Amino acid sequence: MYDFLLQLFFYFIMKKVVLLSLSVFLLNSAYLFAQNNELWYDKPASVWTEALPIGNGFMGAMVFGNPDTEHLQLNEGTLYTGDPNGTFKNINIRKSFNVVTDLLNDKKYQEAQAIIAKEWLGRNHQLYQPMGDLWIDFEHKNNSVLDYKRNLNLSNATASTSYKIGKTTFKRTYFASYPDHVIVIKLQAVGVDKINCTLRFTTPHHSSNHFEAKGNTLRMQGKVAGFGLRRSFEQVEKLGDQHKYPELYDKLGKRKPEIENMLYDAKANGLGMSFESVIKAYNYGGSVVSDKDKIIVKNANELVLILSSATSFNGFDKSPAYEGKDPRKLVEKYFKAIQGKSFNVLYDNHLADFKKLYDRVELKLAAESTQSILPTDKRIELFYNKNDPSFPALYFNYGRYLMIAGSRIGGQPLNLQGIWNDQMTPPWNGAYTININAQMNYWPAEITNLSECQEPFFQAIKEMAINGQETARNMYGNEGWVAHHNTDIWRHTEPIDNCNCSFWPMAAGWLTSHFWEKYLYNGDKRFLKEEVFPLLKGAVQFYQGWLVKNENGYLVTPVGHSPEQNFLYNQNIQGTFSAGPTMDMAIIRESMSRYVESCKILGIDEPLLLVVKQNLRLLLPYQIGKYGQLQEWQEDFEDADIQHRHFSHLYAFHPSNQINQFTPELISAVKKVMERRGDLATGWSMGWKVNIWARLQDGDHALKLLTNLFKLVRSHTTNMEGGGTYPNLFDAHPPFQIDGNFGATAGIAEMLIQSHAGEIYLLPALPKEWHTGNVKGLKVRGGFEIDMAWKNGKLIKAIIYSKNGGNCRIRTNEKLTIKDLQYKIAKGENPNQLFTFVKVESPIIKDPSKLLEIKERGSFVIDFLTKKGKRYEIL
């Protein structure tokens with residue numbers, strides 16, 4: 001503690017802060033609380049992962065805040081390379097299916113893998129693209145900058161930069177409005193000097209760009225590549241995949257003349273998505289004039305800049321080049337809709353829309369400390385010292401902010417980078433990896449009361465199901481729909497290339513589970529009938545056609561992969577594919593069980609139902625292996641990497657609800673897996689681990705994983721280990737991968753409240769360091785919202801709001817009472833159907849002596865009947 005206080009003393013001395021003022025400053029509790037709704041820094045961003053993100057669900061911008069040259073790096077959520085037809089569909093596994101399964105049954109895993117890699121994979125998917133950059137070059141009379149600060153206020157989704165030069169204070173305010181489809185920037189000069197600056201656009205899409213300035217309007221037009229390839233040509237040729245890329249290779253597999261990784265316009269047969277970005281400048285005092293491709297501002301007291309963008313994207317199944325929308329007309333429509341609206345009106349519209357979502361939830365953890373007032377990057381760097389226990393509340397609030405900013409109705413779902421990307425070839429194409437990462441992005445949506453923000457994800461899943469029906473039929477000869485390891489804006493559902501992990505036909509069930517969870521949280525039977533059931537039935541139909549019987553008569557998947565781990569066999573040979581890996585069986589068991597439950601709720605009786613009921617009883621049970629661990633594969637293989645970043649076989653525990661307090665042996669097996677995996681991982685994996693340890697009801701261990709995640713990372717190289725957090729709070733895989741932000745946000749919520757196992761458990765995994773706090777507005781299954789306060793580690797009060805009515809089952813660690821209401825001790829199953837969970841049979845246990853002792857925590861479980869729209873107080 002002494003070392004920290006010394007650091008703090010010297011920090012403020014260097015910043016010329018008077019100690020007396022500091023003392024008064026620290027007494028202002030309102031200011032201290034604001035620290036967990038604000039990111040702030042005392043210097044400009046020098047690299048992208050220091051810049052601050054704003055977004056409106058359609059457009060994203062990264063704000064750098066340099067006094068001399070402001071830089072906003074711009075994105076538009078639909079801007080991808082490629083075209084709906086730009087994929088490789090000529091995959092038919094039936095030709096070699098029997099050969100592959102015979103090899104797997106003979107334990108010739110490498111030989112089977114070679115055939116799958118050669119014949120069962122497709123080609124690389126397309127790339128999410130940066131749109132361009134806005135630059136504002138300032139003319140300051142001198143370069144002596146004082147009192148610099150830039151910040152992002154999460155509670156009003158507004159960024160700002162301020163500094164003083166001479167006797168003038170310059171301030172910049174930035175926000176992105178969802179209702180008005182614009183980004184707004186206000187520049188102010190308070191003092192003797194004025195605003196003198198030049199506005200200009202740039203874009204990395206050099207071959208197609210066009211810039212034009214007229215009056216107060218600056219326009220940027222461009223077109224992204226009609227074909228993009230992340231692989232090198234040498235990789236493609238080594239894989240023997242030339243026939244999958246007719247854009248690059250002739251029929252003999254030879255490179256075409258002058259080929260490139262990015263093919264624009266004529267080189268791509270005219271394909272490619274067009275975009276347009278327009279900024280209008282409104283000055284107060286001084287002048288605004290255009291000069292070819294720039295706007296020049298002279299001697300303004302205040303300048304308001306309004307930016308809007310659009311692309312020619314017209315849906316996942318239409319060519320943006322030949323069937324696309326006109327981006328110019330779209331931008332003109334957006335500007336026409338805001339004509340005559342002042343900055344204040346635009347800001348009020350933005351604020352009302354944003355706060356309607358953001359203000360639903362409020363979280364305070366422990367108490368803000370003197371460390372809490374430091375710049376955000378310093379808070380990250382020092383978090384390990386345990387002097388800033390409230391910092392996870394800032395991270396939690398930031399996660400909710402990112403979801404509101406990046407995923408709104410009418411836009412695209414959050415990809416690996418959310419909506420923010422500055423690279424032409426972003427990590428993993430900046431697309432959607434659907435063996436966990438895209439799903440993890442939406443783990444916080446329901447529990448943190450942002451249900452509407454899932455709608456772009458739901459729309460994408462419905463679009464994938466359309467393409468997935470064709471893939472299931474052509475590739476497998478199966479009914480239903482299938483999706484594999486990756487997709488992009490064109491919703492392709494075939495396996496991609498290069499990685500054995502790409503052949504993984506299990507995504508449909510996991511994707512559909514998000515629909516089911518929304519139903520459990522909200523109880524809308526029409527949504528269940530019209531949205532959930534068709535997708536769920538389609539996933540089950542595919543699995544029905546995919547399952548086979550093993551030698552013991554259990555149903556298993558014939559060819560499976562546990563993302564993205566390998567196993568060892570025959571003296572340390574690595575294998576990838578085998579029959580019936582645990583994650584396959586968990587997803588299928590979940591999907592089939594929920595299909596049966598849906599039929600029961602909706603009164604549906606169809607021939608498929610009887611078959612599914614029969615097959616559910618024949619699925620391979622969960623198995624506990626030689627170490628007491630939940631087996632990852634049907635056979636008790638050794639892990640190729642014991643500490644691998646994926647632990648996909650724990651799907652049944654989280655995010656599913658099959659393993660819970662009613663399956664203690666399996667709880668023990670899950671904990672053994674986590675002990676063997678260890679506490680280090682990539683950034684997103686640590687976010688996942690927070691959720692696992694929360695469900696294991698070990699809050700201190702979950703906080704340990706958060707501490708590992710809050711390790712300051714400044715390197716931008718791709719690495720499969722050593723993850724952490726960038727200065728702007730983006731998750732560092734590294735590189736940047738936003739699912740870590742959302743995974744940890746959900747994990748913090750799971751530490752405070754859980755409802756997956758037939759009850760609402762209040763404070764199931766509260767760390768000792770969060771001994772005092774309160775939260776409002778968290779959602780749980782059953783249509784309930786919860787406010788809570790706790791002190792000295794014990795719940796002191798909770799408010800339960802019932803949206804739907806029905807039975808409410810509450811578990812607490814201390815005996816509490818309900819004000820003015822009778823309750824009873826809970827027994828048996830919860831009669832509220834929205835609390836159902838997937839039930840599993842007893843596991844197959846190799847060595848019972850290896851099971852860990854799982855001590856059941858003493859707790860108090862009650863039932864009480866609620867009425868729709870009523871609030872209930874627990875004391």
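Quick note: numbers below take in every heavy atom, side chains included, and nothing from hydrogens, waters or symmetry partners. Here, residue 1 is the first one in the sequence, and each next residue gets the next number. The model shown is predicted, which means the values in this text are computed figures rather than measured ones.
Other residues, nucleotides and ligands place more than 12 heavy atoms under 6.0 Å from the CG atom of D317. More than 12 heavy atoms of other residues, nucleotides or ligands lie within 6.0 Å of CG in D106, so this atom counts as buried by the packing criterion. Few gaps surround CZ on F527; more than 12 heavy atoms of other groups in view lie less than 6.0 Å from it. Enclosure of atom NZ in K462 by more than 12 non-hydrogen atoms of other residues, nucleotides or ligands within 6.0 angstrom is indicated. Atom NZ of K529 is surrounded by 12 or fewer heavy atoms from other residues, nucleotides or ligands within 6.0 Å. The number of heavy-atom neighbours closer than 6.0 Å to CD of E635, taken from other residues, nucleotides and ligands shown, is above 12. Other residues, nucleotides and ligands place no more than 12 heavy atoms under 6.0 Å from the CZ atom of R526. More than 12 heavy atoms of other residues, nucleotides or ligands lie within 6.0 Å of NZ in K839, so this atom counts as buried by the packing criterion.
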TODO: Apply the test side-chain contact (heavy atoms from CB on, under 4.5 Å) to residues Q459 and F316: give CA-CA distance (whole Å), side-chain angles for both, the deciding distance (0.1 Å), then the verdict.
DONE: CA-CA 11 Å; Q459 182 60 36; F316 76 102; over 6 Å; no
- [ ] Show your reasoning for whether salt bridge (charged side-chain N to carboxylate O under 4.0 Å, His left out) applies to R677 and E632.
- [x] CA-CA 12 Å; R677 277 299 198 263; E632 189 158 0; 3.3 Å; yes
Open item on the list: Let's go through F313 and Y80 carefully: what are the C-alpha distance in whole Å and the side-chain angles of both, what is the deciding distance for ring pair (Phe, Tyr, Trp, His ring centres under 6.0 Å) to 0.1 Å, and is it a yes or a no?
Closed with: CA-CA 9 Å; F313 180 74; Y80 282 75; 8.4 Å; no
Open item on the list: Is there a side-chain contact (heavy atoms from CB on, under 4.5 Å) between N474 and N92? Walk through the geometry before answering.
Closed with: CA-CA 7 Å; N474 295 343; N92 183 350; over 6 Å; no
- [ ] For side-chain contact (heavy atoms from CB on, under 4.5 Å), just list the numbers for L619 and N615, CA-CA rounded to whole Å, side-chain angles, deciding distance to a tenth of an Å, and then say yes or no.
- [x] CA-CA 6 Å; L619 294 178; N615 287 345; 5.6 Å; no
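Side-chain N/O atoms of Q574 and Q110 include no donor and acceptor closer than 3.5 Å. A donor-acceptor contact under 3.5 angstrom links the side chains of N550 and Q634, judged on distance only. Inspection of the Q412 and T78 side chains reveals no N or O donor paired with an N or O acceptor under 3.5 Å.
Judged by distance alone, the side chain of Q235 and the main-chain N or O of S232 form a donor-acceptor pair under 3.5 Å. In terms of modelled atom types and a separation under 3.5 Å, the side chain of R645 and the main chain of E564 share no donor-acceptor contact. Checked by atom type and distance alone, the side chain of N660 never pairs as donor or acceptor with a backbone atom of F653 at under 3.5 Å. Distance alone, capped at 3.5 Å, is enough to place a donor-acceptor pair between the N261 side chain and the R231 backbone. Within the 3.5 Å criterion, the main-chain N or O of L414 finds a donor-acceptor partner in the side chain of Y442. Between the side chain of S513 and the backbone N or O of W510, at least one donor-acceptor pair lies under 3.5 Å. A donor-acceptor pair is defined here as one N or O able to donate and one able to accept, closer than 3.5 Å; no such pair exists between the side chain of T493 and the backbone of A483. Judged by distance alone, the side chain of N429 and the main-chain N or O of H125 form a donor-acceptor pair under 3.5 Å. A donor-acceptor pair is defined here as one N or O able to donate and one able to accept, closer than 3.5 Å; such a pair exists between the side chain of T81 and the backbone of L127. T101 contributes a side-chain N or O that, together with a main-chain N or O of F97, makes up a donor-acceptor pair within less than 3.5 Å.
Each of H756, E517, E590 was scored for a side chain to side chain donor-acceptor pair (under 3.5 Å) with S656, with one residue passing: E590. Of the candidates R123, K256, R255, R123 is the only one forming a salt bridge (Lys or Arg N to Asp or Glu O under 4.0 Å) with E247.
Between H649 and Y622, the ring centre distance reaches or exceeds 6.0 Å. The distance between the ring centers of Y476 and F542 falls below 6.0 angstrom. In this structure, the ring of W684 has its center no less than 6.0 angstrom from the ring center of F742.
Two residues are said to be in side-chain contact when any heavy atoms from C-beta on lie closer than 4.5 Å; H644 and D639 fail this criterion. Considering only heavy atoms from C-beta on, N124 stays 4.5 Å or farther from N498 through its side chain. Between F577 and S562 the shortest side-chain heavy-atom distance does not fall below 4.5 Å. Residues K600 and Q833 fail the side-chain proximity criterion, which asks for heavy atoms closer than 4.5 Å. For the pair Y569/S578, no side-chain contact is recorded, criterion being any heavy-atom separation below 4.5 Å from C-beta on. Within the 4.5 Å cutoff, the side chain of F533 has no heavy atoms near those of the W516 side chain. Side-chain atoms of I489 and Q126, non-hydrogen and from C-beta on, never get closer than 4.5 Å to each other. Considering only heavy atoms from C-beta on, K518 comes within 4.5 Å of F458 through its side chain.
Heavy atoms only, all atoms of each residue included: W481 and I461 are closest at CH2-CG2, 4.0 Å. Here the closest heavy-atom approach between residue T557 and residue P581 is recorded as OG1-CD, 3.7 Å. Residues S502 and D497 approach most closely at OG-O, 3.3 Å, considering heavy atoms. Nearest heavy-atom pair, A472 versus G480, reported as atom, atom and distance to 0.1 Å: CB-O, 3.6 Å. Here the closest heavy-atom approach between residue P444 and residue N441 is recorded as CD-O, 3.5 Å. A pairwise comparison of heavy atoms in E494 and I91 identifies CB-CD1, 4.2 Å as the closest pair.
Seen from the ring of Y543, R589 does not count as a face-on cation partner, given the 6.0 Å and 45° thresholds. Cation-pi check for K254 over Y249 is not met; the charged atom does not lie both under 6.0 angstrom from the ring centroid and within 45 degrees of its normal.
Under the disulfide bond (SG atoms under 2.5 Å apart) criterion, C501 pairs with C499, not counting sequence neighbours. Every residue meeting the ring-ring contact (aromatic ring centres under 6.0 Å, His included) condition with F567, not counting sequence neighbours, appears here in chain and number order: Y109, W633, F637. Under the side chain to side chain contact (heavy atoms under 4.5 Å, CB included) criterion, V99 pairs with L103, I115, not counting sequence neighbours. Shown here are the side chain to side chain contact (heavy atoms under 4.5 Å, CB included) partners of Q643, two or more places apart in sequence or in another chain: D641. Qualifying salt bridge (charged side-chain N to carboxylate O under 4.0 Å, His left out) partners for E323, counting only residues two or more places apart in sequence or in other chains: none. E551 pairs by the salt bridge (charged side-chain N to carboxylate O under 4.0 Å, His left out) definition with nothing, not counting sequence neighbours.
Note that CG of L555 and CG of L547 are 5.5 Å apart. Values are rounded to the nearest 0.5 Å. To the nearest 0.5 angstrom, Q658 atom CD is 10.5 Å from M585 atom CE. Note: Q631 CD to I845 CD1 = 11.5 Å, rounded to the nearest 0.5 Å.
Taking the six-membered ring for Trp and thresholds of 30 and 60 degrees, H484 and F503 have ring planes inclined between 30 and 60 degrees apart.
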